[in-house]
Amino acid sequence: MNHGDIPGFMPAMAMPYRVKDPAVVQELQPGDQIAAEIMFGKNPSDYWLEDVRITRQSPRPSTPAVVPKMVLPGERVPDAALINQDAARFTSRISPEGLARHLHLHALSHARFLPRLSSQFAQIHNELKKNPEDYAKTHLLTISFDPKYDTPLVLRKYGLAYLDGDASGFSHWDFATTNPKDLRRLAEAFGLRYEGENDQISHAMDIVLIAPNGTVAQLLVTNWTWTELMASMQNAAHVTAAARKK
């Protein structure tokens, strides 16, 4: 959702919001303009919309839009050509099997609007580093929505800011970009929407957990916490290790 300045909260930007009543979302269509109240929980990162009302309705399509088929848990992750912060080429099915991976798509050039995403991943990275076994079995992957701007040099500079300047952290956390065609395929496969408008990129904050065998283990939406993300990675890695011993 694109919104104007919210004094004391955040400047004008594009970002997702949660609502506690699913029926509200079902009534909305892309392009609708709304007014709502922002509510806050005890945690500063816990906020949602209430009293949502449409102030200007967008034209409704005469025929239903075609919805791409999403990849579901248990299905293989689509292959896509990626290039990381070191200009190394690899694919979305990275690595040898044996790593549980969280894939996170977002636009680095607009990272000032979404510090939560990278900050949460940084916390996970730092905590896993304390346990060499878990660290070796997991991997973080951030894919940019803005390949035109986010070159390997930009990716590296951005990544180092969240790795406390320690380049060795790139062995556990890749910052990557891809071509527009593969980016669109990945986004559609995971049900992620991203649209450029007024020099902003609007997209969801969903996270995809990829199991060590290259299949989707779990899809996590906006109301996750970094501790839940980390626990899901550890569980995926340990379950796979246990299965291999049988």
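Bear in mind the structure is a predicted one, so any value in this text is a computation, not a measurement.
Within the 4.5 Å cutoff, side-chain heavy atoms of I38 are placed close to those of L49. Looking only at side-chain heavy atoms (C-beta outward), L141 and L82 come within less than 4.5 Å of each other. Using a 4.5 Å heavy-atom cutoff, the side chains of E37 and D51 are in contact.
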#### Entry: Audit row: E127, K130, side-chain contact (heavy atoms from CB on, under 4.5 Å) steps and yes/no
CA-CA 6 Å; E127 284 299 312; K130 297 175 183 177; 2.9 Å; yes
### Message
Evaluate V77 against V216 for side-chain contact (heavy atoms from CB on, under 4.5 Å), listing each step before the verdict.
### Response
CA-CA 6 Å; V77 173; V216 174; 4.0 Å; yes
### Task
Show the numbers, then the answer: is there a side-chain contact (heavy atoms from CB on, under 4.5 Å) between Y149 and V154?
CA-CA 8 Å; Y149 175 86; V154 172; 3.8 Å; yes
### Task
Show the numbers, then the answer: is there a side-chain hydrogen bond (donor to acceptor under 3.5 Å, both in side chains) between S118 and Y158?
CA-CA 10 Å; S118 294; Y158 179 85; 2.5 Å; yes
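In this structure, OG1 in T225 is found 9.0 Å from CE in M230, a value given to the nearest 0.5 Å. Taking CG from L140 and CG from D174, the interatomic distance works out to 9.5 Å, rounded to the nearest 0.5 Å. Distance check, rounded to the nearest 0.5 Å: CD of Q85 to CG of L153 gives 11.5 Å. To the nearest 0.5 Å, atoms OG (S232) and CD1 (I124) are separated by 7.5 Å. With rounding to the nearest 0.5 angstrom, the CG atom of N126 is 10.0 Å from the CG atom of D166. Residue F121 holds its CZ atom at 10.0 Å from NE2 of H172, rounded to the nearest 0.5 Å.
Taking each heavy atom of I143 and L186 in turn, the nearest pair found is CD1-CD1, 3.9 Å. Taking all atoms of both residues into account, the shortest heavy-atom contact from I83 to P152 is CD1-CG, 4.2 Å. Of all non-hydrogen atoms in A167 and R156, the two that sit nearest each other are CB-NH2, 3.5 Å. Nearest heavy atom pair, residue R185 against residue P78, reads NE-CB, 4.4 Å. Taking every heavy atom of both residues into account, M233 and H139 meet most closely at CE-O, 3.3 Å. Shown here for D182 and A81, the closest heavy-atom pair between the two residues is OD2-N, 2.8 Å.
In this structure a side-chain-to-backbone donor-acceptor pair under 3.5 Å is missing from D86 to A88. A donor-acceptor pair under 3.5 Å is absent between the side-chain atoms of Q123 and the main chain of Q120, judged by distance alone.
Under a hydrophobic clustering in which Ile, Leu, Val, Met, Phe, Trp and Tyr are joined whenever their side-chain heavy atoms come within less than 4.5 Å, directly or via other members, L229 and Y135 fall into the same cluster. A single hydrophobic cluster is seen to contain both V52 and I54, as judged by linkage of ILVMFWY side chains at heavy-atom distances under 4.5 Å, directly or through other members. Cluster annotation: L155 and L163 are assigned to the same hydrophobic cluster (Ile/Leu/Val/Met/Phe/Trp/Tyr, side-chain heavy-atom contacts under 4.5 Å, transitive).
A distance of 6.0 Å or more separates the ring centres of Y162 and H125.
Heavy atoms from other residues, nucleotides or ligands lying under 6.0 Å from CZ of R56 number 12 at most.
For the side-chain contact (heavy atoms from CB on, under 4.5 Å) criterion with W173, the lone passing option out of T142, T138, L128 is T142.
No hydrogens or angles considered: nothing links the side chains of T177 and D150 as a donor-acceptor pair under 3.5 Å.
Between D134 and K137, none of the side-chain N atoms (NZ, or NE/NH1/NH2) sits under 4.0 Å from a carboxylate O, so this pair counts as no salt bridge.
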